[in-house]
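Sending over a structure as structure tokens; questions will come in a sec.
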2 protein chains.
Amino acid sequence: MGLIKTEMFTDNQNAIALIAKAFGHPARVAIIQHLFKINTCVCGDLVNEIGLAQPTISQHLKELKALGLIKGTVEGTSVCYCIHPENWKNMKNLINTFLNADDKNLNKCC
Amino acid sequence: MGLIKTEMFTDNQNAIALIAKAFGHPARVAIIQHLFKINTCVCGDLVNEIGLAQPTISQHLKELKALGLIKGTVEGTSVCYCIHPENWKNMKNLINTFLNADDKNLNKCC
DNA sequence: TTTATTAATCGTAACATTGCGATAAACAAA
DNA sequence: TTTGTTTATCGCAATGTTACGATTAATAAA
């Protein structure tokens with residue numbers, strides 16, 4: 001086997017899992033954190049910033065882009081990446097709703 | 001290759017990635033959601049609730065337990081699972097800090 | 001003790017992810 | 001056009017994940 005049975009779960013559950021998976025690798029966490037720190041677009045220097053090879057970084061960027069969390073604009077020979085504001089906000093809502101489903105009754109437990 | 005280069009990243013980045021990975025599968029999302037919905041412990045019926053085989057559910061529970069997000073107490077022949085309140089709160093703080101690193105300057109972008 | 005019930009573990013096949021060298025593609029500058 | 005610079009894609013080896021049948025372990029009930 002080894003393949004996730006997506007059809008058994010709700011769209012909500014699958015969506016949350018997809019987002020979480022994107023954050024499930026420290027390199028992608030580092031990329032996002034750097035994009036926030038730099039405060040504007042990053043043109044190129046992500047490979048120097050994070051210690052992985054250029055094809056590896058490119059692959060991680062591709063995944064984040066495919067999910068819509070970041071966007072890249074071509075700027076000459078280099079590409080500028082930054083957070084996609086609206087999509088990031090929507091993603092945050094989705095995750096927050098999931099994480100805060102408790103609040104009232106977290107201690108009614110064994 | 002195929003192995004994550006954990007030593008290249010900060011403890012914070014690795015911790016976030018580990019948590020995210022736990023939520024990176026719809027079955028584990030479903031388990032957590034069901035634990036919240038039921039509002040108390042779940043004794044046994046997780047296998048019926050979610051459509052996967054018993055060993056598969058057991059494996060997912062083990063992962064969530066290893067991270068400290070849930071706890072299980074033996075109750076006769078069955079085991080009762082519920083969210084681990086303190087650890088869940090700490091986890092939420094970690095994730096929220098990561099997700100809200102923006103807020104001011106999300107639109108200063110290309 | 002024997003039998004049932006429930007959950008964990010083992011073993012393994014199918015599939016996915018990670019990382020990077022090699023290469024290609026796209027563009028700017030000379 | 002040629003050369004340099006930067007990013008994307010290909011291909012593949014190493015490792016990780018997922019799912020489940022078979023089995024074991026633990027406890028309860030008969």
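Every chain is numbered from 1 and lettered A, B, ... according to where its sequence line falls, protein lines coming before strand lines. Note that these values count all heavy atoms, side chains included, but never hydrogens, waters or copies made by symmetry.
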Flag if over 12 foreign heavy atoms under 6.0 Å of CG, B:Asp11
no
When rounded to whole Å, the NZ to P distance for the pair B:Lys65 and C:dA8 reads 7 Å
Separation of D:dA8 atom C1' from A:Ile57 atom CD1, nearest Å, is 14 Å
Quick check against the 3.5 Å criterion: does A:Asn87 have a side-chain atom that pairs as donor or acceptor with the backbone of A:Leu69? no
OH of B:Tyr81 to CD1 of B:Ile31, rounded to nearest 0.5 Å, is 9.5 Å
Output for pair (B:Leu64 CG, B:Ile32 CD1), nearest 0.5 Å, gives 5.0 Å
One would report the end-axis bend of the helix from C:dT1-D:dA30 to C:dA30-D:dT1, five pairs per end and rounded to 10 degrees, as 10°
When rounded to whole Å, the CG to P distance for the pair B:Leu18 and C:dT17 reads 17 Å
A:Glu49 atom CD is separated from D:dT7 atom P, nearest whole Å, by 14 Å
| query | Does the side chain of B:Gln33 come within less than 4.5 Å of A:Ile16's, by heavy atoms? | reply | yes
* **Validation row, ring centre A:Phe23 to ring centre B:Phe23 under 6.0 Å** => no
Between CG of B:Leu67 and P of D:dT17 the distance, given in whole Å, is 12 Å
Quick one: is B:Tyr81 getting a side-chain N or O under 4.0 Å of the C:dT6 phosphate, OP1 or OP2? no
Protein-nucleotides 18-27 of chain C N/O pairs closer than 3.5 Å?
residue	atom	partner	partner atom	Å
C:dT18	OP1	A:Arg28	NH2	3.3
C:dT18	OP2	A:Arg28	NH1	3.2
C:dT18	O3'	A:His25	NE2	3.4
C:dT18	O2	B:Gly2	N	2.7
C:dG19	OP1	A:His25	NE2	3.4
C:dG19	OP1	B:Lys5	N	3.3
C:dG19	OP2	A:His25	NE2	3.0
C:dG19	OP2	A:His60	NE2	2.9
C:dC20	OP1	B:Lys5	NZ	2.4
C:dC20	OP2	A:Ala53	N	3.1
C:dC20	OP2	A:Thr56	OG1	3.2
C:dC20	N4	A:Gln59	OE1	3.4

With heavy-atom distances below 4.5 Å as the criterion, would you say the side chains of B:Leu46 and B:His60 are in contact?
no
- [ ] Side-chain contact test, heavy atoms from C-beta onward, threshold under 4.5 Å: evaluate it for A:Val29 versus B:Phe9 and give yes or no.
- [x] no
When rounded to whole Å, the CD to P distance for the pair B:Glu75 and D:dA26 reads 18 Å
Determine whether the side chains of A:Thr56 and A:Gln59 contain a donor N or O and an acceptor N or O closer than 3.5 Å.
no
To the nearest angstrom, the CD1-P distance between A:Ile50 and D:dT7 comes to 13 Å
From CD1 of B:Ile31 across to P of C:dA7 the rounded distance in Å is 12 Å
